[in-house]
Amino acid sequence: MIYLSEDVKKENIDSYDAYDFSEDLLYSLKTYNSQISTIRDNSVRVKNNIRKILSNQTNNQYTETELQKIGDMLTKKNGQLKELITYKSNLLTYDHYIMPLDVSKYKTEESIKEARRKASKQVEKYNLKYNCKWIAQDIIEYGEIYLALVKGKNNYLFFKFPREMCMITQKTGNMVSKFAINLGYLNSTNYYTFPQDIQNLYWDYQEGRLDKRRIIKNSWYQMTEVTYMAFTLDEWQEKGTPYYSYLFDSLASLEELSDLVNLNAYIDSFRLLHQKPELDDRGQLKMERKKILNYHNSLKSLVPYGYCTLTSPLDLKLISSDGNSSSILDAKEKTKTTIYDSSGVNDNLFNGNTTNTEAVSIGFTIDTLMPLRIQKEIENWVNDHMRSVRATSNWFLEFIPTNEYNQGLEAERQRNALTVYSPKWKYLGTIGLTPLRALSTIESEELEDIASKMLPLSTAYTQVGNEVGGRPSKAETGESNAKNSSTNPNE
């Protein structure tokens with residue numbers, strides 16, 4: 001649409017000559033270049049902000065917090081980053097099994113069976129196959145997670161602390177991260193949303209009853225209990241950074257290119273109607289300016305959406321943006337490929353533009369390296385906590401490195417390994433059974449005598465002795481074999 005500039009008023013419009021009148025109209029038109037400049041300015045600000053934060057070495061906690069905010073924004077806006085995080089965090093199946101640390105403590109078959117049953121019930125409370133996936137997603141997306149294990153009636157609840165109120169302060173002997181919380185973050189309006197232990201700390205802090213040996217930096221209280229744990233990919237840092245922070249610059253560029261593609265589509269569909277008033281020999285308007293303005297407003301009110309009207313005595317020149325659109329699309333595709341390459345993930349997993357090759361299969365293994373590291377951190381903490389519980393104090397848990405791609409192959413490998421005394425409990429874990437469900441499956445099938453009711457069907461390979469059917473014995477075919485082996489052609 002065309003609008004007059006603010007200083008052009010109806011009562012003094014006659015004081016302008018034709019050139020000034022046209023200039024006012026053109027000044028108010030939103031041109032292609034002005035929109036491009038606006039988009040570029042916004043994109044440059046985002047990219048410059050990302051680069052400034054990444055290069056800031058003076059305040060690590062500020063840097064990491066700001067990167068987490070940017071990562072949260074990009075994850076919500078960019079489906080590519082969201083899919084990368086979802087893919088990595090849900091790749092593993094988190095299959096696991098338990099075994100006794102010191103089997104000599106159990107003297108009879110019944111005693112070890114009972115101990116396994118109690119330990120399996122305890123491990124089931126962690127609900128690892130579900131909880132590990134969202135824990136891994138938070139670690140990848142934000143670079144850290146701070147948790148408290150809250151005991152329920154039949155299971156455990158993992159409470160997640162706000163990242164801005166926590167920082168890592170120490171490690172246990174099993175390399176489990178411990179953290180401190182900023183009690184100054186708590187107030188009368190939010191303290192009740194935390195576990196009861198934290199609520200008690202809040203009141204003790206307000207009344208000055210806390211152990212000062214556990215307080216650092218005035219209001220930071222160290223949570224050393226085994227039920228409090230932190231996970232991060234930055235082993236020796238107070239705060240973690242988003243795993244894909246190195247992609248933020250490229251993702252900002254991709255967002256800029258996407259905006260340009262949308263703008264080009266708008267420009268390509270844009271239609272400008274030029275209404276040119278007549279001029280005399282001296283270059284002056286033949287018609288009164290008030291009438292020209294009325295004609296302009298009348299035309300403007302009639303055109304449909306997507307059309308713009310311009311009334312000007314100046315000639316216009318058409319500039320096409322067709323070639324620019326194709327170059328922007330090419331740049332966008334190259335940027336997307338760069339993001340996949342930088343993340344170490346084969347883009348065929350998501351778009352399938354080319355035929356999968358052996359390189360894609362090998363890529364599956366490489367994709368699991370980082371999730372396996374997170375899995376090991378969780379395993380270390382679980383074993384630490386199991387030592388503190390009577391039912392599992394003599395047991396350890398081990399995750400099996402299975403993922404959504406190799407679970408079937410790994411189950412077959414474990415089945416073959418049973419012949420050389422590989423743990424049968426590990427095999428049951430590989431096929432997706434938790435320790436409690438594996439134990440329940442075995443015991444229930446024994447009680448129901450499933451084995452006698454599901455015998456293999458009779459085939460040539462399962463029948464022996466005098467059973468009817470099956471392959472003939474050598475004794476039964478001896479005569480015909482001798483006849484067939486004769487070398488006399490006249491026989």
For the [atom1] atom of [X] and the [atom2] atom of [Y], what is their distance to the nearest 0.5 Å?
X    : Y    : atom1 : atom2 : result
T65  : M167 : OG1   : CE    : 12.0 Å
S444 : I442 : OG    : CD1   : 9.0 Å
S89  : I135 : OG    : CD1   : 11.5 Å
I139 : E377 : CD1   : CD    : 6.0 Å
N394 : I98  : CG    : CD1   : 11.0 Å
Q137 : T75  : CD    : OG1   : 9.0 Å

For the pair [X] (side chain) and [Y] (backbone), establish whether a donor and an acceptor sit closer than 3.5 Å, ignoring hydrogens and angles.
X    : Y    : answer
K178 : E225 : yes
E124 : N155 : no
T86  : K82  : yes
N383 : M386 : no
T93  : T402 : yes
N190 : L186 : no
K125 : G152 : no

Closest heavy-atom pair and its distance - [X], [Y]:
X    : Y    : value
A136 : Y94  : CB-OH, 3.5 Å
S393 : R387 : CB-O, 3.7 Å
A391 : A119 : O-CB, 3.7 Å
E404 : K133 : OE2-NZ, 3.8 Å
F399 : C132 : CZ-SG, 4.0 Å
K88  : P371 : O-CG, 3.4 Å

Pairing of [X] and [Y] as salt bridge, 4.0 angstrom limit:
X    : Y    : value
K121 : E114 : no
D449 : K453 : no
R373 : E235 : yes
D95  : K129 : yes

- Task: Let me see the working for I181 and W220 under side chain to side chain contact (heavy atoms under 4.5 Å, CB included), right down to the final yes or no.
- Result: CA-CA 5 Å; I181 62 172; W220 291 84; 5.7 Å; no

* To do: Show the numbers, then the answer: is there a side chain to side chain contact (heavy atoms under 4.5 Å, CB included) between T232 and Q237?
  => CA-CA 9 Å; T232 178; Q237 300 295 325; over 6 Å; no

*Between H385 and Y156, is a ring-ring contact (aromatic ring centres under 6.0 Å, His included) present by the stated rule, with each step listed?*
CA-CA 12 Å; H385 187 260; Y156 288 121; 5.5 Å; yes

So ring pair (Phe, Tyr, Trp, His ring centres under 6.0 Å) across residues 170-195, not counting sequence neighbours, yields Y146-F179, F159-F194, F161-F179, Y191-Y202, Y191-W203

Taken in chain and number order and not counting sequence neighbours, the residues that satisfy side chain to side chain donor-acceptor pair (under 3.5 Å) with E443 are R117

[X]-[Y] side chain donor-acceptor pair, cut-off 3.5 Å:
X    : Y    : answer
N403 : T368 : no
E410 : Y405 : no
E144 : Q68  : yes

Excluding sequence neighbours, so at least two apart, what forms side-chain contact (heavy atoms from CB on, under 4.5 Å) with [X]?
X    : value
E109 : K113
N380 : N174, V176, K376
Q222 : T169, Q170, A180, I216, T224

Check residues 418-428 and write down every donor-acceptor pair under 3.5 Å in which the side-chain atom is one partner and the other belongs to a residue at least two apart or another chain.
from : atom 1 : to   : atom 2 : distance (Å)
T419 : OG1    : N416 : O      : 2.8
S422 : OG     : Q414 : OE1    : 3.3

Taking CG in D211 as the centre, count heavy atoms belonging to other residues, nucleotides or ligands within less than 6.0 Å. Is the count above 12?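 Yes, because the 6.0 Å sphere around CG of D211 holds more than 12 heavy atoms from other groups.
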
Original post:
Counting only heavy atoms not in R415, do more than 12 fall under 6.0 Å of its CZ?
Top reply: yes

field: side chain to side chain contact (heavy atoms under 4.5 Å, CB included) evaluation trace for V123 with T434
entry: CA-CA 9 Å; V123 171; T434 64; over 6 Å; no

*asked:* Aromatic contact between H96 and Y126, with the criterion being ring centroids under 6.0 Å apart: yes or no?
replied: no

* Would you call the rings of Y244 and Y246 parallel, tilted or perpendicular if under 30° counts as parallel and over 60° as perpendicular? -> tilted

Quiz prompt | Within 45° cone and under 6.0 Å: K118 NZ/CZ vs W395 ring | solution =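 K118 over W395 ring: no.
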
